[in-house]
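For reference, the structure is listed below as structure tokens.
Throughout, protein chains are lettered first and strands after them, A, B, ... in sequence-line order, and every chain is numbered starting at 1.
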Amino acid sequence: MQGNALRIVDCDKRAVDLGLTRDMTLADARARIPDLVALETQPQVDREFLEALAGFCDRFTPLVALDEPHGLMLDITGCAHLFGGEAGLGNLAGRSMQRGGLKVKAAIAGTPDAARACARHGHGGLVLPGQEEALLRSLPTAALDTDVETVIALSRAGLKTLAHLAERPSETLSARFGEALAVKLRRILGHEDRRITPLRPPPDCVVERHFAEPFTDAANLEAVVVRLIGEAARVLEARGEGGRIFELGFFRSDGTLRRLAIETGRPSRDAKALLRLYRERVETLADPLDPGFGFDAIKLAVPLCEPLDTPQQSLDGRAVEEEAVADLVDRLVTRFGRDRVLRFVAQETHHPVRAAKVLSAAAPLPEAAWPAPEPQEPPARPLQLFEPPQPIEAIAEVPDGPPIRFRWRHLIHDVARAEGPERIAPEWWRDGSDEPMRDYYRVEDVQGRRFWLYRIGFYEADSAPPRWFLHGLFA
Amino acid sequence: MPETAPTLSDLRRSLAEAARRSGTAAADRIGLGVPGLDEILNGGLVRAALHEVYAAEVADLAAATGFALGLALRAGQVEEKTGDRTIFWARQDFVDAESGRLHAPGLNEFGLDPARLLLVRARDGEGVLRAGAEAARCPALGAVLIEPWGEPRPFDLTASRRLALAAEASGVPVLLLRVAAAEVPSAARTRWQVRALASRALEANAPGTPAFALRLQRQRGGAAEREWRVEWDRDRHCFAERNLFDRSARTDHVAPLSRPLVPLSGDGQVAADGRDSEFRRAG
């Protein structure tokens with residue numbers, strides 16, 4: 001939908017043969033071809049598909065960028081030899097995508113813009129360094145990707161190809177058509193280079209295995225992973241670094257990509273520990289790692305590295321123990337997830353619920369000391385706390401006596417001992433001023449069970465009766 | 001270099017093993033601090049073993065939790081060195097829903113520095129046991145507490161034996177807290193049943209220190225079927241026996257109904273009637 005009219009975004013080959021073009025209004029097209037099949041465009045779905053395709057291309061190079069709406073840019077510097085040279089890589093990528101039912105036009109050239117121009121407006125294929133200049137100069141001015149008016153203006157001035165433009169001084173071009181056009185021209189002709197912005201930031205360290213035949217042997221899959229981890233560990237050790245995130249990519253020959261990530265709480269390059277984490281991770285997968293028709297490649301990327309010195313062996317057991325606990329935390333986090341392996345951090349507040357923050361043990365925690373309990377006193381706070389508090393029915397002495405008897409979960413508790421009230425005021429700066437005060441009581445019933453109860457409101461003649469809640473259980 | 005770390009800990013473990021065999025150190029036993037009880041246990045609970053704590057009823061879970069936590073704290077108390085080791089606690093979500101989440105200020109008041117606690121919340125009993133088994137293999141922990149609800153399906157004799165073996169290998173006491181569960185055969189060294197016990201009242205009839213009625217139901221290679229009434233002494237980190245004839249402990253005949261009680265006035269001033277036993281300074 002553009003300018004209040006439905007327009008054709010794209011059409012297939014038969015439609016083109018019948019004379020339809022992009023940007024034509026749907027009404028026009030319908031007038032020409034009454035039985036036209038039109039579908040609404042779904043940019044989101046297109047984008048997702050393109051991203052999946054980018055994931056597929058990860059097997060060729062870690063640097064893959066989207067060139068929306070229907071293009072991908074791959075920086076294959078230093079990767080091509082793995083696939084039989086640049087031509088080999090181009091053929092392989094093209095063939096595998098064609099097998100998936102896609103029409104592909106690709107070009108390989110010295111700079112991203114040159115390759116893009118060749119693919120979109122030239123014949124595509126591999127552009128050899130010697131021919132580059134001539135080939136690019138023969139491209140039409142449409143290759144500059146400017147708006148239609150500019151192209152028309154250029155052609156009216158008799159400038160049909162890039163060569164015509166390149167012969168003119170660039171100052172006159174930018175004076176007439178803007179600086180952007182001149183920059184674009186310089187980029188396409190390779191006078192200026194730019195880097196593509198990859199979809200996923202390039203990892204600090206990558207090790208990979210490519211297989212001549214699709215790898216289907218599920219039993220030996222781990223052996224491959226062991227070698228990859230070992231290699232990555234050596235690379236990291238040579239750099240004096242350790243990884244925090246390790247990401248395994250399994251590239252299946254049918255184009256699907258499965259990624260498994262392992263996280264560690266501290267930088268690590270301990271191959272044994274990493275392998276254990278990998279096993280944990282595989283065990284917890286909801287749907288197992290299925291080789292299908294085989295894996296073409298397996299990659300281990302380390303997107304996040306941090307400096308890690310060779311561990312100094314200390315003589316007291318302290319450091320060794322801390323290390324062992326941290327390893328345990330890593331294994332538990334891998335198995336149960338970050339939000340299930342927890343530690344408590346003290347907060348400065350009297351609010352019973354907010355007094356402790358529960359944080360994931362996977363990240364480093366702030367240090368906060370807990371107040372020392374008062375000697376010779378029984379615990380003033382319960383061991384276990386209900387959130388939200390449980391409503392109860394209670395009978396209590398007027399005006400602010402502890403409950404004498406209360407009913408919780410259909411059971412009557414007769415109170416034998418009680419202490420209170422301990423008044424805890426709400427935090428008006430967080431809760432607002434409507435939050436009522438709470439009068440807390442420690443009570444013990446005749447069977448010796450200890451509870452933490454509180455009352456909201458007061459026994460007053462002209463107001464609603466107070467409500468009672470059970471908030472926690474003492475040991 | 002990382003390869004040498006296990007070697008060191010292996011050495012340390014074999015040293016501890018040697019000390020244990022020679023019987024010189026009491027480090028392999030966790031004394032509860034109650035003389036009669038420790039005598040029955042030959043000096044205390046075996047450290048490198050699995051112990052079970054059953055809540056007598058669902059409502060006694062808080063008491064059983066307190067007793068198990070006390071044991072875990074005792075385990076850290078025997079050796080000066082291990083006093084601040086991490087205590088691991090695996091808990092099933094359903095326990096949190098039934099009896100409340102662990103409350104850090106309450107743990108602190110009970111004597112456990114919450115910073116020492118590593119908590120794993122698992123969705124089901126199977127997850128709790130897995131987490132517990134994983135932790136039981138880590139020799140750097142002070143104690144491992146495993147708290148599933150009811151009878152998790154995979155928990156059988158084999159599973160408990162696995163836990164016991166892991167505890168033996170690592171030297172870490174593993175405490176299995178069980179609630180709403182029938183007693184099944186297991187590889188545990190001891191089995192306790194815990195019931196809440198009325199505390200000794202403080203001034204003004206305030207609830208006192210946590211008290212438990214314990215029943216040692218089973219002890220492998222030792223006497224069992226005895227009952228004790230104990231209190232948890234937070235300041236000394238030990239249990240203390242409760243005098244059976246302590247009058248205040250018997251609450252059975254106390255009528256909980258109306259009692260004379262002088263209310264506090266609004267500004268916190270005690271109504272002056274000279275009887276200070278009605279009130280207690282707290283907090």
Side-chain angles (χ1 to χ4, degrees), chain A residues 270 310-311 313 317 320-325 327-329 331-332 335-336 340-344 346 352 355-356 361 370-371 373-387 397 399-401 404-405 414-419 422 442-444 446-450 472-475, chain B residues 1-2 4-5 8-9 12 59 62-63 65-66 85-86 99-110 113-115 117-122 127 130-131 134-135 138-141 196-199 201 204-211 232 234-235 251 254 256-257 261 263-264 280 282-283:
Chain A
D270 180 355
T310 309
Q313 214 65 83
V320 179
E321 277 183 7
E322 269 167 25
E323 193 106 331
V325 174
D327 281 348
L328 174 69
V329 169
R331 287 201 294 281
L332 293 167
R335 179 174 284 277
F336 295 97
R340 296 211 153 249
V341 185
L342 308 163
R343 281 194 184 269
F344 291 110
W370 293 85
E374 192 160 333
Q376 309 295 324
E377 283 287 311
R381 292 286 176 268
L383 211 50
Q384 306 181 74
L385 196 75
F386 286 101
E387 197 51 43
E397 260 175 79
D400 62 354
I404 293 162
R405 162 182 284 198
D414 287 319
V415 174
R417 311 185 200 301
E419 183 178 49
E422 177 188 353
R442 287 197 307 124
V443 305
E444 180 178 302
V446 285
Q447 282 154 317
R449 290 165 190 148
R450 287 164 280 275
L473 303 176
F474 290 95
Chain B
M1 278 309 265
T4 52
L8 254 184
S9 59
R12 203 166 284 123
T65 306
R85 277 188 177 176
T86 301
S99 88
R101 293 190 167 184
L102 288 180
H103 187 46
L107 294 170
N108 187 39
E109 293 267 332
F110 199 83
D113 177 5
L117 185 69
L118 177 62
L119 175 69
V120 169
R121 285 198 189 126
R130 259 177 190 287
E134 186 74 56
C138 178
L141 295 176
L197 178 67
S199 61
N205 201 30
T209 48
W232 171 246
R234 187 229 9 247
D235 299 330
T251 57
V254 174
L257 294 170
L261 210 120
L264 289 164
R280 191 176 84 84

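If you tally non-hydrogen atom pairs under 4.5 Å between each of Pro379(A), Pro352(A), Ala355(A), Ala356(A) and chain B, the highest count goes to Pro379(A). Ranked by heavy-atom pairs under 4.5 Å with chain A, the first of Gly66(B), Ala62(B), Ala63(B) is Ala62(B). Taking chain A as the reference chain and counting heavy-atom pairs below 4.5 Å, the highest number among Cys138(B), Ala115(B), Ala104(B), Ala122(B) is found for Ala104(B). Looking only at heavy-atom pairs under 4.5 Å with chain B, the residue among Gln376(A), Arg381(A), Gln384(A) that has the most is Gln384(A).
Both the backbone and the side chain of Arg442(A) come within less than 4.5 Å of a heavy atom of chain B. If you measure heavy-atom distances from Phe336(A) to chain B, the contacts under 4.5 Å come from the side chain alone. Only the side chain of Ala361(A) comes within less than 4.5 Å of a heavy atom of chain B; its backbone N, CA, C and O stay farther away. Only the side chain of Thr86(B) comes within less than 4.5 Å of a heavy atom in chain A; its backbone stays farther off. Looking at Arg343(A), the atoms closer than 4.5 Å to chain B (heavy atoms on both sides) sit in the backbone and in the side chain alike. Proximity to chain B (any heavy atom under 4.5 Å) is shown, for Glu422(A), by neither the backbone nor the side chain. For a residue to count as touching a neighbouring chain, one of its non-hydrogen atoms must lie under 4.5 Å from one of that chain's; by this rule Leu383(A) touches chain B with backbone and side chain alike. Looking at Arg101(B), both its backbone and its side chain come within 4.5 Å of chain A, counting heavy atoms on both sides. Within the 4.5 angstrom heavy-atom criterion, only side-chain atoms of Val329(A), from C-beta onward, approach chain B. Interface remark: Leu328(A) contributes side-chain atoms only to the contact with chain B (heavy atom separation under 4.5 Å). Heavy-atom distances place both the backbone and the side chain of Asn108(B) under 4.5 Å from chain A. Of the two parts of Arg449(A), the backbone and the side chain both hold a non-hydrogen atom closer than 4.5 Å to a non-hydrogen atom of chain B.
Side-chain contact between Glu134(B) and Leu332(A): present, with at least one pair of heavy atoms (C-beta onward) separated by less than 4.5 Å. Counting heavy atoms from C-beta on, the side chains of Phe474(A) and Pro378(A) never come closer than 4.5 Å. By the 4.5 Å heavy-atom criterion applied to side chains, Val120(B) and Val341(A) are counted as neighbours. Between Pro105(B) and Trp370(A), some side-chain heavy-atom pair lies under the 4.5 Å cut-off. Residues Leu117(B) and Leu102(B) meet the side-chain proximity criterion, which asks for heavy atoms closer than 4.5 Å.
Judged by distance alone, with hydrogens and angles left aside, the side-chain atoms of Arg335(A) form no donor-acceptor pair with the main-chain N or O of Gly127(B) at under 3.5 Å. A donor-acceptor pair under 3.5 Å links the side-chain atoms of Asn205(B) to the main chain of Ala416(A), judged by distance alone. Side-chain atoms of Glu444(A) never come within 3.5 Å of backbone atoms of Arg417(A) as a donor-acceptor pair (strictly under, hydrogens ignored). Without hydrogens or angle criteria, Arg450(A) side chain to Ala211(B) main chain gives a donor-acceptor distance under 3.5 Å.
When all heavy atoms of Pro210(B) and Phe110(B) are compared, the pair lying nearest together is CG-CE1, 4.0 Å.
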